[in-house]
Amino acid sequence: MKEYKVVAPKLGFRNRFQQFEDLLNQYSREGWVVRSISQGWTSVVFERDKNR
C-alpha cells in the first residue's frame, strides 16, 4: 500500500534553488519519492510504501 504527502514549500527569494534541492533531499532520505511538482513549485507530491 502507498501513502502520499503533499508539501507546499516556502522557499522565499534567496537561495531558492538550493532550498528546493534541500527539501527534496530531506524527504528522499525519509524514503519519499517525488511523484509530481506543480508549475511554479507551489506544491510537491511525494509517495512511499506505507509498510516499509
Side-chain angles (χ1 to χ4, degrees):
M1 179 174 223
K2 303 283 185 180
E3 67 178 324
Y4 297 89
K5 179 184 287 271
V6 178
V7 177
K10 298 187 184 348
L11 301 173
F13 293 105
R14 297 182 58 137
N15 301 323
R16 185 175 184 148
F17 292 109
Q18 183 62 47
Q19 290 176 358
F20 192 65
E21 181 180 343
D22 292 344
L23 176 91
L24 295 176
N25 287 330
Q26 173 192 346
Y27 283 105
S28 177
R29 283 189 291 276
E30 296 173 10
W32 293 99
V33 176
V34 174
R35 284 296 157 214
S36 173
I37 300 176
S38 67
Q39 187 174 5
W41 303 349
T42 56
S43 65
V44 180
V45 178
F46 293 97
E47 175 188 73
R48 74 176 175 186
D49 288 325
K50 191 167 187 146
N51 302 323
R52 329 181 286 126

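Start at 1 with the first residue, then count along the sequence.
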Quiz item: Is it the case that one hydrophobic cluster holds both Val7 and Leu24, taking links as side-chain heavy atoms less than 4.5 Å apart, direct or via other members?
Solution: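 Val7 clusters together with Leu24.
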Practice problem: Determine the minimum heavy-atom distance between Tyr27 and Lys5, stating which atoms define it. | Solution: CE2-CD, 3.5 Å
Exercise. Give the minimum heavy-atom separation between Glu30 and Arg48, together with the two atoms involved.
Key: O-NH1, 2.9 Å
Quiz item: Do Ile37 and Phe20 have side chains that get closer than 4.5 Å, going by heavy atoms?
Solution: yes
Practice problem: Report the C-alpha distance between Val44 and Trp32 in whole Å, list the side-chain angles of each, state the deciding distance to 0.1 Å, and finish with yes or no for side-chain contact (heavy atoms from CB on, under 4.5 Å). | Solution: CA-CA 11 Å; Val44 180; Trp32 293 99; over 6 Å; no
Quiz prompt | Residues that Ser36 engages under side chain to side chain contact (heavy atoms under 4.5 Å, CB included), provided they are two or more places apart | solution =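 By the side chain to side chain contact (heavy atoms under 4.5 Å, CB included) rule, Ser36 matches Val45.
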Working to the nearest 0.5 angstrom, can you tell me the gap between [X] [atom1] and [Y] [atom2]?
{"X": "Lys2", "Y": "Asn51", "atom1": "NZ", "atom2": "CG", "value": "10.5 Å"}
{"X": "Glu21", "Y": "Gln18", "atom1": "CD", "atom2": "CD", "value": "5.0 Å"}
{"X": "Gln26", "Y": "Gln19", "atom1": "CD", "atom2": "CD", "value": "12.0 Å"}
{"X": "Asp49", "Y": "Met1", "atom1": "CG", "atom2": "CE", "value": "11.0 Å"}

Quiz item: Where do Val33 and Phe46 land on the side-chain contact (heavy atoms from CB on, under 4.5 Å) test, with the steps shown first?
Solution: CA-CA 5 Å; Val33 176; Phe46 293 97; over 6 Å; no
Exercise. Determine which pairs satisfy salt bridge (Lys or Arg N to Asp or Glu O under 4.0 Å) with at least one residue from residues 32-43, sequence neighbours left out, and list them in order.
Key: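 Sorted result for residues 32-43: Arg35-Glu47.
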